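Written below as structure tokens is the structure these notes are about.
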Amino acid sequence: MARYVFITGGVVSSLGKGLASAALGAVLQARGYKVRLRKLDPYLNVDPGTMSPTQHGEVFVTDDGAETDLDLGHYERFTGRAANKRDNITSGRIYSDLLAKERKGEFLGATVQVIPHVTDSIKQFVLDGNEEYDFVLVEIGGTVGDIEGLPFFEAIRQLGNELPRNHCAYLHLTLMPYIPSAGELKTKPTQHSVKELRSIGIAPDVLLVRCDRPIPEGEKKKLSLFCNVRESAVIQGLDVGSIYDAPMAYHNEGLDREILAALGITDAPEPDMSAWNEVTTRYHNPEGEVNIAIVGKYTGLKDAYKSLSEALTHGGIANKVKVNLQWIDSEVFERDDPAPYLEHVHGIMVPGGFGERGSAGKIEAARFARIKDVPYFGICFGMQMACIEAARNTAGIKNASSTEFGPTKEPVVGMMTEWVKGNAKESRDDKGDLGGTLRLGAYPAQLTRGSRVADIYGSTRISERHRHRYEVNMDYRKRLEANGLLFSGVSPDGTLPEIVERTDHPWFIGVQFHPELKSKPFEPHPLFTSFIAAAMDQSRLV
Ligand code: GLN
């Protein structure tokens, strides 16, 4: 039977709870265990799909088409296990399923309540489908004390009693802030946070204490005493140089050892950390560097492009170079000439995006890359904007636009109304719901033999994850191809363009899908490896 580790956070958010969970998962996996990571999100949205990336960060899409929390991206990158729609749930989803049942009369006259009905649904979700795993790590979003998180904390408290002995452990992540005027790391916020947790019936087994400098022994003792956690289980979580240092760093501090001890496991095999050593050695010993401009509109919050910046880093790891990211708000190019911003970069990335704002600047970035022969990588919206740019400036279709921006006579990018999913047909119109109705998840694509992308993938059949409502219009294919923009990847039925590439350019590729979602530090995505290699070539010219 699977063992459960519940991971909660206190003091402040953004302590890297998702990363810590992923790192713990990675080390347990390195010890030979089968590990699953899951996330419980207390907010009321049914999923994060409709939330602005500038508020909540990137939406991570799974193969089976779920729009999930970005922490699932960390889980995948650290363990290599593909996440699925059963790995993330929100209060919104729990309530909407529960209320649908209530409307059908399935509660047979009972009063539907937070305890037991909501908590039972949470527990059912947590326990479901874990047969093949040794460890299930369950992260609870938010911090202890949040009102909306209470049913989740209550549910995991109950599970502590219901699971067999030695099958449940609680890991609590906190912060020790350094107060410069006192010259000390302070324990009080952690004490308060644990007190809060204990007041709702959860006693943490292990504390992972984030800090920017080593915790003196005396302070560790104090935390142990006041928080009622064994001294050896007060784990120092020092800031690390790269997130990929975390598995080794936490292992060296004894995090996995203490979790195993809390679960009564004394005979665990030692972890084989060789893959992680290889990744971090390559990361910390680059033989060169490249500058990549990311021209987007959510640049104010780096989490909005989490998988993307990680995938670029992976491309650097593969090529043994440091990748410097220059974040540029695309709206800048609606006022300023892009040249001073882009002249010295070695590659230009235009990532996914929604809505008209900022699109003109992205089109400018694609134009600059095309005429100056700078490597260009357009993802989803970045591909669509590259096609509009090519239509306007190479194929003479002056009014080329996207129907996403309003009615247009030249819909080079248009809304998809029908597509094939497996053996079924999906259809949409512009009056439908916004949530959960995009073309989501893994779809296959057929690549043109002899194309650059077929060479990069080493295959003509691929599968990648999607998240879009609009699509480049096949009616314009001939005119765009006649001007050097080859449609080198299409859906198997030939109706949807998946990849475009310029045949007259050193490296210019647009993809309708999100390859960044599948890249891993120990298995960098071939498109990112190739893009960074092209940027290295460019760096020798600039
Ligand atoms: N807004 C575009 C669409 O819906 C692109 C989406 C994206 O970049 N993920 O098709």
Side-chain angles (χ1 to χ4, degrees), residues 47-54 56-63 65-68 70 73 294-299 301 303-309 311 330 348-363 365-366 376-389 391 400-406 408 411-419 421 426-443 445 464-474 476 489-491 495-500 509-518 527:
D47 63 40
T50 52
M51 280 194 252
S52 162
T54 51
H56 195 72
E58 145 191 297
V59 174
F60 189 80
V61 181
T62 57
D63 278 331
E67 296 176 286
T68 70
L70 61 79
I294 301 183
V295 184
K297 77 172 185 191
Y298 314 122
T299 48
L301 182 73
D303 269 359
Y305 299 111
K306 195 71 218 160
S307 294
L308 185 76
S309 55
S330 59
I348 298 172
M349 153 72 63
V350 175
F354 291 82
E356 187 169 18
R357 183 176 67 77
S359 61
K362 294 177 185 177
I363 291 173
Y376 177 87
F377 195 179
I379 290 184
C380 204
F381 201 71
M383 162 180 170
Q384 297 173 359
M385 294 308 105
C387 290
I388 291 177
E389 191 282 318
S401 186
S402 167
T403 57
E404 186 171 358
F405 311 152
T408 167
V412 169
V413 179
M415 185 170 158
M416 288 177 292
T417 48
E418 235 178 50
W419 64 90
K421 180 168 194 172
E426 295 266 335
S427 43
R428 301 282 187 273
D429 62 38
D430 55 6
K431 289 171 201 70
D433 282 353
L434 280 185
T437 55
L438 286 83
R439 181 172 175 249
L440 290 165
Y443 283 90
E464 293 280 6
R465 296 183 193 167
H466 294 69
R467 181 172 186 249
H468 62 127
R469 196 179 308 281
Y470 298 85
E471 180 67 69
V472 177
N473 186 342
M474 276 296 197
Y476 291 88
V490 293
S491 57
T495 58
L496 299 175
E498 291 281 5
I499 306 180
V500 294
I509 292 175
V511 295
Q512 186 53 71
F513 45 82
H514 290 273
E516 72 274 23
L517 301 177
K518 296 220 305 199
L527 282 172

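Atoms considered below: every heavy atom in the structure, side chains included; atoms not considered: hydrogens, waters and symmetry mates. Atoms within each ligand, like the ligands themselves, are counted from 1 in listed order. Predicted, not measured: the structure shown is a model, and the values here were computed from it.
Of all protein heavy atoms, the one lying nearest to atom 4 (O) of ligand 1 is R469 N, 2.9 Å. Ranking the protein heavy atoms by distance from atom 10 (O) of ligand 1 puts Y470 N, 2.8 Å first. Closest to atom 5 (C) of ligand 1, if we only count protein heavy atoms, is G353 O, 3.2 Å.
Using a 4.0 Å cutoff on heavy atoms, Q384 counts as a contact of ligand 1.
Annotation: side chain of F513 is in contact with side chain of L527 (closest heavy-atom distance under 4.5 Å). Between H466 and E498, the closest side-chain pair of non-hydrogen atoms falls below 4.5 Å.
Here Q512 contributes atom CD and Y443 contributes atom OH; the two are 12.0 Å apart, rounded to the nearest 0.5 Å.
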Notebook entry, point to check: Given the rule in the side-chain hydrogen bond (donor to acceptor under 3.5 Å, both in side chains) test, do S330 and R357 qualify, once you have shown the distances and angles that lead to the verdict?
Noted result: CA-CA 9 Å; S330 59; R357 183 176 67 77; over 6 Å; no
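In this model, a donor atom of one side chain and an acceptor atom of the other lie less than 3.5 Å apart for R439 and H468.
Here's the thing with L438: none of its N/O atoms is less than 3.5 angstrom from an N/O atom of ligand 1. Distances between N or O atoms of H514 and those of ligand 1 include at least one value under 3.5 Å.
Of all atoms in ligand 1, listed by their number and element, those nearer than 4.0 Å to a heavy atom of R467 are 6 (C), 7 (C), 9 (N). Atoms of ligand 1 found under 4.0 Å from any heavy atom of G352, numbered from 1 in the order shown, are 8 (O).
Side chain of N473 to backbone of P411: a donor-acceptor contact under 3.5 angstrom is found.
Considering E67, E516, E58 as possible partners of R467, the one that fulfils the salt bridge (Lys or Arg N to Asp or Glu O under 4.0 Å) test is E67.
Considering only non-hydrogen atoms, atom 7 (C) of ligand 1 lies nearest to C380 out of S359, G414, C380.
Residue E404 touches ligand 1 through its side chain alone, judged by heavy-atom distances below 4.0 Å.
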